[in-house]
Novice: 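The structure's right below; bear with me while I get my questions together.
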Amino acid sequence: MLNNPHRRYNALTGEWVLVSPHRAKRPWLGQVEKLSPETLPVYDPTCYLCPRNERAGGVFNPDYTSTFTFENDFAALLRNPVEEEAASPHPLLVSAPEHGHCLVVCFSPRHDQTLPELDLPSIENVLTTWAKNSSDLAGEDAIQYVQVFENKGAMMGCSNPHPHSQLWAQSQLPNEIVKELATQTEYFKINDHPLLVDYVQEEHKRKERILFANDHFTALVPYWAVWPFEVLVTAHRASASLSELSASETSALAEVFKQVTTRYDNLFEISFPYSMGFHQAPADGQSHPEWVLHAHFYPPLLRSATVRKFMVGYEMLAMPQRDITPEVAAERLRALSDVHYKSIDK
Ligand code: H2U
Ligand code: ZN
């Protein structure tokens with residue numbers, strides 16, 4: 001049945017994806033175009049994220065040696081709560097005040113080292129920086145949610161190759177979290193187990209979509225993946241936030257991140273673009289026994305370093321659709337080496 005067009009249900013968002021495996025038979029395997037490898041300098045005097053350089057507004061970065069966090073100079077959300085505005089002029093023209101914070105986190109002083117090229121202690125350090133910033137922001141008055149994310153690669157709208165990420169904290173729950181909170185809460189009410197804990201256990205029985213796992217985290221291509229090489233990294237236990245992780249869980253997560261991002265880069269032997277982000281529980285002061293900390297990797301590439309999947313037409317107007325099945329995507333990623341191609345002498 002799964003060789004024919006079918007829909008799959010995304011248990012986390014409650015939405016459906018159209019899968020068309022027969023279309024993947026269009027000839028493409030083997031047509032892997034390679035781009036010439038980019039060589040970035042260790043330090044770029046024109047980069048606004050490198051140590052000691054000037055940012056917009058005339059601020060100079062410190063001579064940092066580890067991660068570096070600063071408040072976004074062009075923040076989408078402003079810190080100070082705005083006064084509640086007058087009631088909407090019409091029930092069809094609704095708005096609501098919103099405030100929050102936007103931080104930028106550089107992974108390291110190195111302009112040229114992306115996540116998979118960092119060593120494990122440095123990846124752990126990025127994770128603990130995200131955890132600390134998240135819990136600081138979550139502790140702020142009226143902050144309901146903290147989003148950690150990385151836009152990687154110009155294809156994903158990243159403005160600067162210096163490896164960095166962002167944190168946005170909001171006074172209301174964003175759309176994706178509203179959906180995931182509803183599905184996880186409902187599942188927990190009925191089953192008395194967290195949805196993602198049960199899901200990952202089921203995936204381990206089947207094995208076909210698993211990429212890599214250790215004691216605390218699993219990386220897999222979700223059953224309901226929309227993007228061709230989408231990956232879900234999920235904790236094995238109910239966990240509300242990054243700051244809740246023990247030292248051994250943080251190490252385990254760093255290992256999974258290195259595995260996933262190395263295989264991504266090895267797929268087309270390029271620095272693989274994606275948008276990645278953690279979904280943490282709402283920072284609403286409530287306990288969240290239903291929530292399982294997880295990260296989504298959404299990479300745009302489909303069949304080579306230059307051919308991307310476009311979310312247009314049917315996707316924009318009707319529903320997401322994919323050709324290559326999640327099982328085939330997982331098989332391809334699993335078959336790749338976990339040694340980064342740049343670290344192999346050719
Ligand atoms: P992205 O490349 O993922 O967009 O992140 C870079 C962020 O850095 C972007 O949000 C901010 C931009 O607003 N920025 C500064 O805060 N200061 C600068 O001097 C340039 C860019
Ligand atoms: Zn730089």
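Basis for what follows: all heavy atoms, side chains included, without hydrogens, waters or symmetry-related copies. As the structure lists them, so they are numbered: ligands from 1, and atoms in each ligand from 1.
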Novice: Using a 4.0 Å cutoff against the non-hydrogen atoms of C158, which atoms of ligand 1 qualify?
Specialist: 2 (O)

Novice: So which heavy atom in the protein is nearest atom 8 (O) of ligand 1, and how far is it from that ligand atom?
Specialist: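 Answer for atom 8 (O) of ligand 1: V104 CG2, 3.9 Å.
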
Novice: Does ligand 1 have an atom under 4.0 Å from some heavy atom of H164?
Specialist: yes

Novice: At what distance is the nearest protein heavy atom to atom 7 (C) of ligand 1, and which residue and atom is it?
Specialist: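 Residue, atom and distance for the closest contact: N72 ND2, 3.8 Å.
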
Novice: Share the residues that join V104 in a hydrophobic cluster, the rule being Ile, Leu, Val, Met, Phe, Trp or Tyr side chains under 4.5 Å apart at the heavy-atom level.
Specialist: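 Once heavy-atom contacts under 4.5 Å are chained together, V104 belongs with Y48, L49, Y64, F68, F70.
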
Novice: Applying a 4.0 Å heavy-atom criterion (strictly less than), which segment of E150 is in contact with ligand 1: side chain, backbone, both, or neither?
Specialist: neither

Novice: Which protein heavy atom lies closest to atom 4 (O) of ligand 1, and at what distance to 0.1 Å?
Specialist: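 Among all protein heavy atoms, the one nearest atom 4 (O) of ligand 1 is Q166 NE2, 3.5 Å.
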
Novice: What atoms of ligand 1 come closer than 4.0 angstrom to any heavy atom of D73?
Specialist: 15 (C), 16 (O), 17 (N), 18 (C), 19 (O)

Novice: Among R52, E54, R55, which one satisfies side chain to side chain contact (heavy atoms under 4.5 Å, CB included) with N61?
Specialist: R55

Novice: Given L103, which of N72, T129, L137, V146 fulfils the side chain to side chain contact (heavy atoms under 4.5 Å, CB included) condition?
Specialist: L137

Novice: For the residue pair N214 and E255, confirm or rule out a side-chain donor-acceptor distance under 3.5 Å.
Specialist: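 A pair is found: one side chain offers a donor N or O, the other an acceptor, under 3.5 Å apart.
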
Novice: Enumerate the protein N/O/S atoms at a distance below 2.8 Å from the Zn ion (ligand 2), ignoring waters.
Specialist: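 The answer, once waters are left aside, is C47 SG, C50 SG, H111 ND1, H162 ND1.
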
Novice: If the cut-off is 4.0 Å to any non-hydrogen atom of F70, which atoms of ligand 1 fall inside it?
Specialist: 15 (C), 16 (O)

Novice: Do L293 and S241 touch side chain to side chain, with heavy atoms closer than 4.5 Å?
Specialist: no

Novice: Answer yes or no: does atom CH2 of W168 have more than 12 heavy-atom neighbours from other residues, nucleotides or ligands under 6.0 Å?
Specialist: no

Novice: Does the ring center of F257 lie less than 6.0 Å from the ring center of F297?
Specialist: yes

Novice: So L127 and F278, do their side chains get closer than 4.5 Å, heavy atoms only?
Specialist: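 Yes, at least one pair of side-chain atoms sits under 4.5 Å.
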
Novice: Test your reading of the structure: does A56 have an N or O sitting under 3.5 Å from an N or O of ligand 1?
Specialist: yes

Novice: Considering only heavy atoms of N151, which atoms of ligand 1 have at least one such atom less than 4.0 Å away?
Specialist: 3 (O)

Novice: Would you mind running through ligand 1 and noting each atom that sits below 4.0 Å from a heavy atom of S159?
Specialist: 1 (P), 2 (O), 4 (O), 5 (O), 6 (C)

Novice: Do H236 and H216 have their ring centres less than 6.0 Å from each other?
Specialist: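 They do not qualify: ring centres at least 6.0 Å apart.
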
Novice: Whether E202 and K207 form a salt bridge (side-chain N of Lys/Arg under 4.0 Å from carboxylate O of Asp/Glu) is what I want to check.
Specialist: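 No.
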
Novice: For K309, is there an ion pair with E315 - N to carboxylate O distance below 4.0 angstrom?
Specialist: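 Salt bridge between E315 and K309, a charged N being under 4.0 Å from a carboxylate O: yes.
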
